[in-house]
K.L.:
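Got a structure for you, written out below as structure tokens; questions coming shortly.
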Amino acid sequence: MSDLLSCLNPPQLQAVTLPPVHGLILAGAGSGKTRVLTTRIAWLISTGQVSPHGVLAVTFTNKAAREMQARLAALLPIHPRGLWIGTFHGLCHRMLRAHYQDAALPQAFQILDTADQLALIKRLLKNLGVDDEKYPPKEVMYFINAQKEQGIRAAQVEAFDPYTRRKAELYAEYEAVCQREGGVDFAELLLRCYELLCRNEPLRRHYQQRFRHILVDEFQDTNRLQYAWLKLLAAADQRGAQEAGAALFAVGDDDQSIYAFRGAEVANMREFERHFAAANLIRLEQNYRSQGNILSAANALIQNNRERLGKNLWTDAGEGEPIRVFEGFTDLDEARFVVDEVRALADEEGMARSQMAFLYRSNAQSRVLEHELFSRGIPYRVYGGLRFFERQEIKHALAYLRLMANPDDDTAFLRVVNFPTRGIGARTLENLQATAHQINSSLYNAAASLSGKAGVTVGGFVRLIEQLRRETDGLNLPETVTHVIEISGLAGHYRNEKEGQERLENLDELINASTLFVAEAGEEGNNTANEGEANALLAFLTHASLESGEHQAGEGQEAVQLMSVHAAKGLEFDAVFITGLEQGLFPHENAAQERDGLEEERRLMYVAMTRARKRLYLSYAQSRLLHGQTRYCLPSAFLDEIPPELLKRLTKARPIAPKMPAWSSTMHNNEPPPEEKLPGGLRVGMNVRHAKFGFGVIVESEGEGEQARVQVNFGSAGMKWLALAYARLEPA
DNA sequence: ACAGCGTTAGTTTTT
DNA sequence: CTAACGCTGT
């Protein structure tokens with residue numbers, strides 16, 4: 001026991017051994033957040049204050065959940081069974097499966113990932129004859145998800161304008177289709193589970209009495225619905241009602257909240273503090289990761305944000321090296337510099353390449369860096385591409401499996417009904433969809449009512465699925481997957497394709513994944529063996545949707561790491577290069593429009609800086625090729641927020657880039673640009689001509705130089721905002 | 001059914 | 001500039 005607690009610093013110890021009350025732990029970057037979380041669980045269990053049965057630990061990512069599980073297994077003498085550790089989605093899914101009838105879901109309900117959801121919405125819009133210019137599928141999807149994340153059902157949407165009203169109608173239609181097909185999207189997992197617990201009192205009581213301790217990781221990333229779900233489970237709606245419910249132990253860092261754009265509410269932290277934890281707010285401010293200068297710089301930067309809970313990181317590791325700042329002429333220049341530096345660090349200081357990272361605000365920036373690394377023969381690894389379960393061949397294979405588990409899954413049906421091609425064209429499918437609509441059934445069921453030649457082809461497909469179901473009856477999961485890939489014709493199709501080799505390998509990988517899945521499920525005693533194969537298949541399909549697959553295998557290769565700042569959260573490196581530190585790029589120009597957008601960008605910068613252990617490089621370029629055009633840039637305002645004495649400028653005051661237009665030289669001295677004439681000699685009030693919209697007059701402008709946008713009244717074609725960098729406007 | 005063309009948009013991301 | 005999407009013609 002003393003072992004468990006002996007290596008904690010005082011605030012960590014205080015957090016870990018907090019009595020069973022609500023607590024909010026403000027855990028700075030590198031302050032041992034995960035350690036506190038896991039040690040507390042271990043402490044609670046090993047001191048007999050709670051049985052493993054009574055603990056619920058919630059994370060956002062599977063990775064974090066796995067890490068917690070692994071650390072706990074190391075801390076506790078026995079592997080704790082009955083411990084609920086998982087993601088919000090994973091845990092909600094678990095409850096919905098257990099109580100699918102109470103939740104009014106079919107037993108074999110399928111999880112729709114983002115791609116499935118979008119496909120369903122597109123199909124829905126088409127069937128309803130909705131103009132997808134006016135209602136772009138993506139926007140409808142964002143709308144629906146945003147509502148669900150607020151806990152709002154279609155019927156409850158407050159729509160004061162016809163546009164929103166229409167979207168609410170589409171939301172209602174979407175709900176109906178999902179219900180009929182047995183599809184549950186990510187947000188629905190949470191909302192359904194929340195509603196289930198709200199409405200079903202015995203069930204709610206059951207879980208409220210069961211969980212004595214609820215621990216939440218990355219609390220600053222929770223959205224409203226997730227917070228409501230936590231409060232409900234903890235029976236924490238009223239003050240002082242804690243005897244009835246669980247102690248909520250929330251760990252987070254408001255300064256590292258970088259997901260507001262997907263609904264995260266930092267406000268939840270303040271709310272939590274106000275509501276429960278005023279007396280139990282603990283700050284973890286000692287940082288075990290970065291050296292002093294890096295922390296000082298990060299602290300100075302983040303102090304520019306308002307509305308913080310407040311926190312200052314410190315270290316006893318010493319000041320360390322200054323932060324190096326590089327200014328390049330162009331993005332290529334910048335790339336050459338960072339790659340040179342990587343080589344020097346590796347060759348001269350013996351630093352491992354895997355301990356160096358290039359971070360950037362947007363993924364498009366990786367191109368130049370990759371190109372330079374490639375041409376210099378330095379191994380590198382880029383994060384953030386397509387993930388395993390999102391690949392088309394994998395989704396195809398899964399669609400066959402899904403259809404076998406749940407014939408009502410029209411999304412799966414449409415994905416593979418004609419893949420590989422079996423002569424079922426758009427016409428046939430139109431007829432089929434009409435029939436299905438008439439008899440109010442799934443496409444699969446409607447197939448039987450189809451007559452003529454179409455009936456034969458579609459019937460053949462249905463028979464194929466039935467054949468697959470029959471033939472795999474009694475087979476184990478990997479055998480089933482193998483059989484389906486072969487008999488469905490997928491394997492044959494890719495064997496005949498020139499570029500099919502890699503896809504075939506991925507399909508093999510899917511079989512491996514299913515083997516691994518069965519093995520792990522058996523090991524953890526998830527009694528998959530006696531649940532029967534149908535459930536094994538269902539569980540595997542769930543796994544595939546909820547765990548979209550590691551980015552790529554081959555961790556720890558001796559390669560430089562390339563990723564967006566978002567993707568870097570939670571990681572650390574000896575040397576970090578933050579590239580593209582230019583106004584408009586980082587902070588990103590679009591962030592200026594959003595509420596508190598700049599503050600979120602600053603938090604992003606804070607996250608980026610605090611990834612570095614020993615060395616931090618900040619670099620930017622005077623000009624950058626963006627969207628195929630040269631764009632001239634100001635250094636990021638964030639550079640000015642770091643005390644100059646912490647910085648070491650590697651470039652002397654350099655001449656400005658060649659061919660730089662006169663207007664941008666003034667921009668370089670941090671002077672506000674003069675009242676700009678718009679590029680191309682345009683000006684507000686001018687008459688212009690546009691290739692598509694015809695003649696118009698500029699009524700308003702915004703932004704400057706390459707980023708300028710103008711509002712043009714085109715008369716009959718209406719009022720449009722156009723980016724001058726894209727729109728070819730000619731004076732008329 | 002599918003290749004080839006033209007049009008369009010162009011942050012961040014996990015589940 | 002480039003990737004992705006949708007439409008058209010064979």
Side-chain angles (χ1 to χ4, degrees), chain A residues 58-65 86-93 111-118 122 126 132-133 136-138 142 145 148-149 184-190 218 221-223 225-226 257-264 331 359-368 383-387 389-390 418-429 542-551 563-570 580 584-594 597 600-601 603-605 607-608 624-631 691-692 707 722-723 725-727:
Chain A
V58 195
T59 63
F60 273 88
T61 65
N62 293 303
K63 197 177 159 199
T87 62
F88 279 100
H89 295 85
L91 295 166
C92 287
H93 169 262
I111 297 172
L112 305 179
D113 69 14
T114 313
D116 297 329
Q117 189 186 16
L118 188 63
K122 278 184 180 166
K126 194 167 252 172
D132 57 1
E133 292 270 283
K138 275 223 176 78
Y142 294 149
N145 289 339
K148 289 190 180 185
E149 278 162 14
V184 176
D185 63 48
F186 288 133
E188 184 73 23
L189 284 171
L190 293 170
E218 307 280 15
D221 289 337
T222 50
N223 63 34
L225 179 57
Q226 286 159 342
S257 159
I258 55 174
Y259 287 110
F261 71 89
R262 68 173 197 218
D331 47 351
L359 306 186
Y360 33 76
R361 173 67 238 265
S362 58
N363 286 310
Q365 288 167 253
S366 74
R367 263 180 173 288
V368 224
Y383 286 74
L386 251 198
R387 276 162 313 174
F389 287 113
E390 289 166 0
N418 198 31
F419 193 97
T421 48
R422 354 185 125 81
I424 300 170
R427 229 327 149 19
T428 311
L429 287 179
T542 297
H543 170 80
S545 329
L546 283 182
E547 176 124 21
S548 36
E550 291 302 79
H551 288 273
M563 67 193 82
S564 70
V565 180
H566 284 92
K569 192 169 130 182
L585 245 198
F586 196 1
H588 198 276
E589 52 203 328
N590 296 1
Q593 336 294 336
E594 283 153 44
E600 175 138 324
E601 295 291 303
R603 291 193 292 267
L604 208 41
M605 181 67 181
V607 168
R624 176 175 299 271
L625 212 53
L626 210 64
H627 303 338
Q629 281 173 317
T630 305
R631 173 161 133 167
K692 193 165 154 199
Q707 297 156 55
L722 301 166
Y726 307 115

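To find a chain, count down the sequence lines: A is the first, B the second, and so on, and within it residues start at 1.
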K.L.:
Check the geometry between A:Phe261 and B:dT12 and answer yes if their rings are stacked (centres below 5.5 Å, planes below 30°), otherwise no.
P.N.:
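Taking the rule of under 5.5 Å and under 30°, the ring of A:Phe261 does stack on B:dT12.
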K.L.:
Rounded to whole Å, please give me the gap between CG in A:Asp331 and P in C:dC1.
P.N.:
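A:Asp331 atom CG is separated from C:dC1 atom P by 15 Å.
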K.L.:
I'd like the C1' distance from C:dT2 over to B:dT13, given in whole Å.
P.N.:
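Each nucleotide's C1' atom is 22 Å from the other's.
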K.L.:
Would you please name every residue forming a side chain to side chain donor-acceptor pair (under 3.5 Å) with A:Thr59, sequence neighbours left out?
P.N.:
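Applying side chain to side chain donor-acceptor pair (under 3.5 Å) to A:Thr59 gives none.
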K.L.:
Touch check for A:Gln117, heavy atoms < 4.0 angstrom, all strands: base, sugar-phosphate only, or nothing?
P.N.:
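The answer is nothing, as A:Gln117 stays clear of every strand by at least 4.0 Å.
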K.L.:
In whole angstrom, give me the gap between the C1' atoms of C:dC5 and B:dT12.
P.N.:
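To the nearest whole Å, 22 Å.
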K.L.:
Between the base of B:dT11 and the side chain of A:His588, is there a donor-acceptor distance below 3.5 Å?
P.N.:
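Under the 3.5 Å cut-off, the side chain and the base do not form any donor-acceptor pair.
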K.L.:
Under 4.0 angstrom, heavy atoms only, what part of the nucleic acid is A:Asp113 near: base, sugar-phosphate, or nothing?
P.N.:
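No contact.
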K.L.:
Quote, to the nearest angstrom, the C1' distance that separates B:dT14 from C:dA3.
P.N.:
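Looking at atom C1' only, B:dT14 and C:dA3 are 23 Å apart.
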K.L.:
Of A:Ala567 and A:Gly423, whose nearest nucleotide on DNA chain B comes first from the 5' end?
P.N.:
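Of the two residues, A:Gly423 wins.
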K.L.:
Between the side-chain atoms of A:Thr114 and the base atoms of B:dT15, is any donor-acceptor pair under 3.5 Å?
P.N.:
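Pair found.
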K.L.:
Side chain of A:Thr61: nearest nucleotide among B:dT11, B:dC2, B:dT14?
P.N.:
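Of the options given, the side chain of A:Thr61 lies nearest B:dT14.
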K.L.:
Could I get a table of every N or O pair under 3.5 Å where one atom is in the protein and the other is in nucleotides 3-9 of chain C?
P.N.:
| unit_1 | atom_1 | unit_2 | atom_2 | d |
| --- | --- | --- | --- | --- |
| C:dA3 | OP1 | A:Arg367 | NH2 | 2.2 |

K.L.:
Between A:Glu601 and A:Asn418, which has a closest nucleotide on DNA chain B that is more 5'?
P.N.:
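In this pair, the answer is A:Asn418.
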